[in-house]
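Here's the structure we're looking at; comments come further down.
All heavy atoms count here, side chains included; hydrogens, waters and symmetry mates do not.
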Amino acid sequence: MSEYNRPTTEAEFEENFSQKRPLMNQTEAHYESSRCLFCYDAPCMNVCPTKIDIPLFIKQIHTGNLTGAAKTIYDANWLGNTCAKVCPTGVLCEGECVFNEQKLKPLEIGRLQHYATDALMESGRTLFTPGEPTGKKVAVIGAGPAGIACACELRMMGHEVTVFEAKKLPSGLTVHGIAPYKITNKDALKEMSYLQEQLGFKIQYESAITTRDQLRELENSYDAVFLGVGIGPTASLGLEGEDLDNVIGAVEFIEELRMKQHEMTVPDKVIVLGGGNTAMDAASECARMGAKDVNLAYRRSKEDMGAYDFEYDTIISSGARSMFNVQPIGIEKGGSGNATSGVRFIRTEMRNGRLEHMDGSEFVQECDLVIKATGQAKLAGFLSQVDGLELDAKNRIVVNEQTHQTGNPKYFAAGDAVNGGAEVVNAAAEGKVAARGIDGWLNSC
Ligand code: SF4
């Protein structure tokens, strides 16, 4: 049962969603950086998708060269501050730190990265200037991590960049889809402004690109187009009752929470359907919003969940509960109006390698809100309007791995639309690779 009180003010919201990795102070950073062994062929660095030179920036922190440390980070990853906060470091850099082999606490690489990049932004010092103008123009669709990383890298090469963003704010998933105890809106937007002020890419907000005509216009007005469109809204489960009030997709729920914060009301009894990291975020957020009975329901076993163990531990420590081997077969309508009163489940078990229903095991779990965290639809409809674009069987854009060029040579793509939904750091890394691919292609035209 959740022990959080319902937040009714901004201060109470911030208390319930206090940062999981708070900023280090100078003494902590000095001590923590002293522990690094500056390993040759550092495993922490090799596992990072953006290949940040981790031992180097830790050494720079330890010698008091915070600007140098931040530059080392941003040279590799344009979202260095954001990734310091939202990366699953326990399964990436910190998970590979050699200290783990000796059963010692790994270096707190994420918090050190946060410390250095925060110090840089607070200092107001700028590190980057755009390259000499090339006269080439690139349209970037989507101001998420892939789009912003691509835009920054293209500006360093001197190309003019305009980002077209459907929403009112940039940062994609970072602002709209990640639990606020990982990163606040303010922090995500701070890094965005810091980058935009130095590099001068333009962003047109509330400018969704959805039609074939709009795409044609971009193709005619720009030398290349980058697709950083992410993935679509929550997919339908095809369940009876799915259209009832208070049945919502996890992505939409998290976005509403990020925007409304303490002004959003979450009822007492919530069922979250799913076993991935988005399901964990939604369950933990409901508990922190004061819902008293939050149940995570997953159709397979705990071991089969796609979520990281530490994400599951977070929901349990925030007071949510879990039910495994239960599959939703309908959403119940109850009370007055058109609202849900519960989810009808059937128990499941593995038989001969197949997930089977257990006869006679149906039951109804009461709730006032159902959150579906069972996957997002791909934007196949939109993408089919790009001539020559190839999609794989899962409707992901097929790209050349070295350049991120698509089947249509004028289009490049990266991030969730290509990888199907990975971490912010993967999108940041791919966006940069795509920018280099665009640059190479523009230079060869
Ligand atoms: Fe430092 Fe650990 Fe990386 Fe070695 S693996 S360089 S000790 S952070």
Between E122 and K190, is there a salt bridge with N-O shorter than 4.0 Å?
-> yes
Indicate the atoms forming the closest heavy-atom contact of C286 with V294, along with that distance.
-> CB-CG2, 3.9 Å
Would you say N100's side chain and C97's backbone share a donor-acceptor pair under 3.5 angstrom?
-> yes
Is D387 salt-bridged to R216, cutoff N-O under 4.0 Å?
-> yes
Looking at side-chain heavy atoms only, is the closest gap between E15 and P7 below 4.5 Å?
-> no
Donor-acceptor under 3.5 Å (E242 side chain, L237 main chain) = yes
Look at R6 together with E12 and state whether they make a salt bridge at an N to O cut-off of under 4.0 Å.
-> no
Roughly how far, to the nearest 0.5 Å, is the SG atom of C87 from the CG atom of N77?
-> 7.5 Å
For the pair C93 and I54, evaluate side-chain contact (heavy atoms from CB on, under 4.5 Å) and give the outcome as yes or no after the intermediate values.
-> CA-CA 9 Å; C93 53; I54 293 167; 3.8 Å; yes
Is the CG atom of N400 crowded by more than 12 outside heavy atoms at less than 6.0 Å?
-> yes
Give a yes or no answer on whether the side chain of S221 reaches the backbone of E217 with a donor-acceptor pair at less than 3.5 Å.
-> yes
Considering all heavy atoms of both residues, which atom of G80 and which atom of I73 are nearest to each other, and what is their separation?
-> CA-CG2, 3.7 Å
In L154, L199, I438, the residue satisfying side chain to side chain contact (heavy atoms under 4.5 Å, CB included) with V161 is L154
Kindly confirm or rule out a cation-pi arrangement of K168 over Y205, judged by NZ or CZ under 6.0 Å from the six-membered ring centre and within 45° of its axis?
-> no
Would D293 and R321 pass as an ion pair if we require N to O under 4.0 Å?
-> yes
Distance-only, no hydrogens or angles: does the N325 side chain make a donor-acceptor pair with backbone N or O of R347 under 3.5 Å?
-> no
Flag, side chain of E28 to backbone of N25, donor-acceptor distance under 3.5 Å = yes
Testing I148, V140, V138, T162 for side chain to side chain contact (heavy atoms under 4.5 Å, CB included) with F201, which one passes?
-> I148
For T234 and E252, which heavy atoms make the closest approach, and how far apart are they?
-> OG1-OE1, 2.7 Å
Given D281, L296, V272, the one that forms side chain to side chain contact (heavy atoms under 4.5 Å, CB included) with I315 = L296
To the nearest 0.5 Å, how far apart are CZ in F363 and CE in M323?
-> 5.0 Å
If we only count heavy atoms from C-beta on, is the F13 to L257 side-chain gap below 4.5 Å?
-> yes
Please confirm whether the backbone N or O of G342 pairs with a side-chain atom of T340, one donor and one acceptor, at under 3.5 Å?
-> yes
Check whether any side-chain N or O of N408 sits under 3.5 Å from a backbone N or O of G388 as a donor-acceptor pair, and report yes or no.
-> no
In terms of side-chain geometry, is the basic nitrogen of E332 or R344 positioned less than 4.0 Å from the acidic oxygen of its partner?
-> yes
Please answer whether the main-chain N or O of T314 pairs with a side-chain N or O of S317 as donor and acceptor at a distance below 3.5 Å.
-> yes
Within a strict 4.5 Å, meaning less than it, do heavy atoms of the T348 and H357 side chains meet?
-> yes
Heavy-atom check, side chain of Y115 versus side chain of Q26, under 4.5 Å | yes
Decide yes or no on side-chain contact (heavy atoms from CB on, under 4.5 Å) for I346 and E362, but give the supporting numbers first.
-> CA-CA 4 Å; I346 189 164; E362 288 184 26; 4.1 Å; yes
A297 and I271: which non-hydrogen atoms are nearest, and at how many Å?
-> CB-CG2, 4.3 Å
More than 12 heavy atoms of other residues, nucleotides or ligands under 6.0 Å from CD of E240: is that the case?
-> no
F57 side, atom CZ; I52 side, atom CD1 - distance, nearest 0.5 Å | 6.5 Å
Tell me, do E285 and F253 make a side-chain contact under 4.5 Å, heavy atoms counted?
-> yes
With rounding to the nearest 0.5 Å, note down the distance linking CZ in F226 to OG1 in T406.
-> 11.0 Å
Spell out, as yes or no, whether a donor-acceptor pair under 3.5 Å connects the side chain of E219 to the backbone of V386.
-> no
Are the side chains of W78 and M156 in touch, meaning some heavy atoms are under 4.5 Å apart?
-> yes
For residues Q196 and I203, determine if any side-chain heavy atom of one lies less than 4.5 Å from a side-chain heavy atom of the other.
-> yes
If you take all heavy atoms of E94 and L107, which pair is closest and at what distance?
-> CG-O, 3.2 Å
Look up atom CG in L218 and atom CG in D213, then write down how far apart they are to the nearest 0.5 Å.
-> 11.0 Å
Which word best sums up how the rings of Y312 and F324 line up, parallel for under 30°, tilted for 30 to 60°, or perpendicular for over 60°?
-> tilted
Are more than 12 heavy atoms from other residues, nucleotides or ligands located less than 6.0 Å from atom CD of E10?
-> no
Got a salt bridge between K182 and E311, using NZ or NE/NH1/NH2 to carboxylate O under 4.0 Å?
-> yes
Grab the two heavy atoms, one from P328 and one from F345, that are nearest each other, plus how far apart they are.
-> N-CD2, 3.5 Å
Looking at NZ of K85 and OG1 of T184, how far apart are the two atoms once the value is rounded to the nearest 0.5 Å?
-> 6.0 Å
Under 3.5 Å, is there a donor-acceptor pair between the side chain of E96 and the main chain of V47?
-> no
Would Y222 and E160 count as a side-chain hydrogen bond (donor to acceptor under 3.5 Å, both in side chains) if you check the C-alpha gap in whole Å, the side-chain angles of each, and the deciding distance to 0.1 Å?
-> CA-CA 9 Å; Y222 292 85; E160 200 179 302; over 6 Å; no
Taking the side chain as C-beta and beyond, is there a heavy-atom pair between E32 and M24 under 4.5 Å?
-> yes
Take H404 and E430, measure what side-chain hydrogen bond (donor to acceptor under 3.5 Å, both in side chains) needs, and give me the verdict at the end.
-> CA-CA 8 Å; H404 278 250; E430 291 172 17; 4.6 Å; no
Run the numbers on N246 and V370 for side-chain contact (heavy atoms from CB on, under 4.5 Å), then give the verdict.
-> CA-CA 6 Å; N246 285 6; V370 179; over 6 Å; no
Taking the inter-plane angle between the rings of Y74 and Y194 on a 0 to 90° scale, is it parallel (under 30°), tilted (30 to 60°) or perpendicular (over 60°)?
-> tilted
Evaluate side-chain contact (heavy atoms from CB on, under 4.5 Å) for Y4 paired with S318, printing each intermediate quantity in order.
-> CA-CA 8 Å; Y4 290 93; S318 64; 3.9 Å; yes
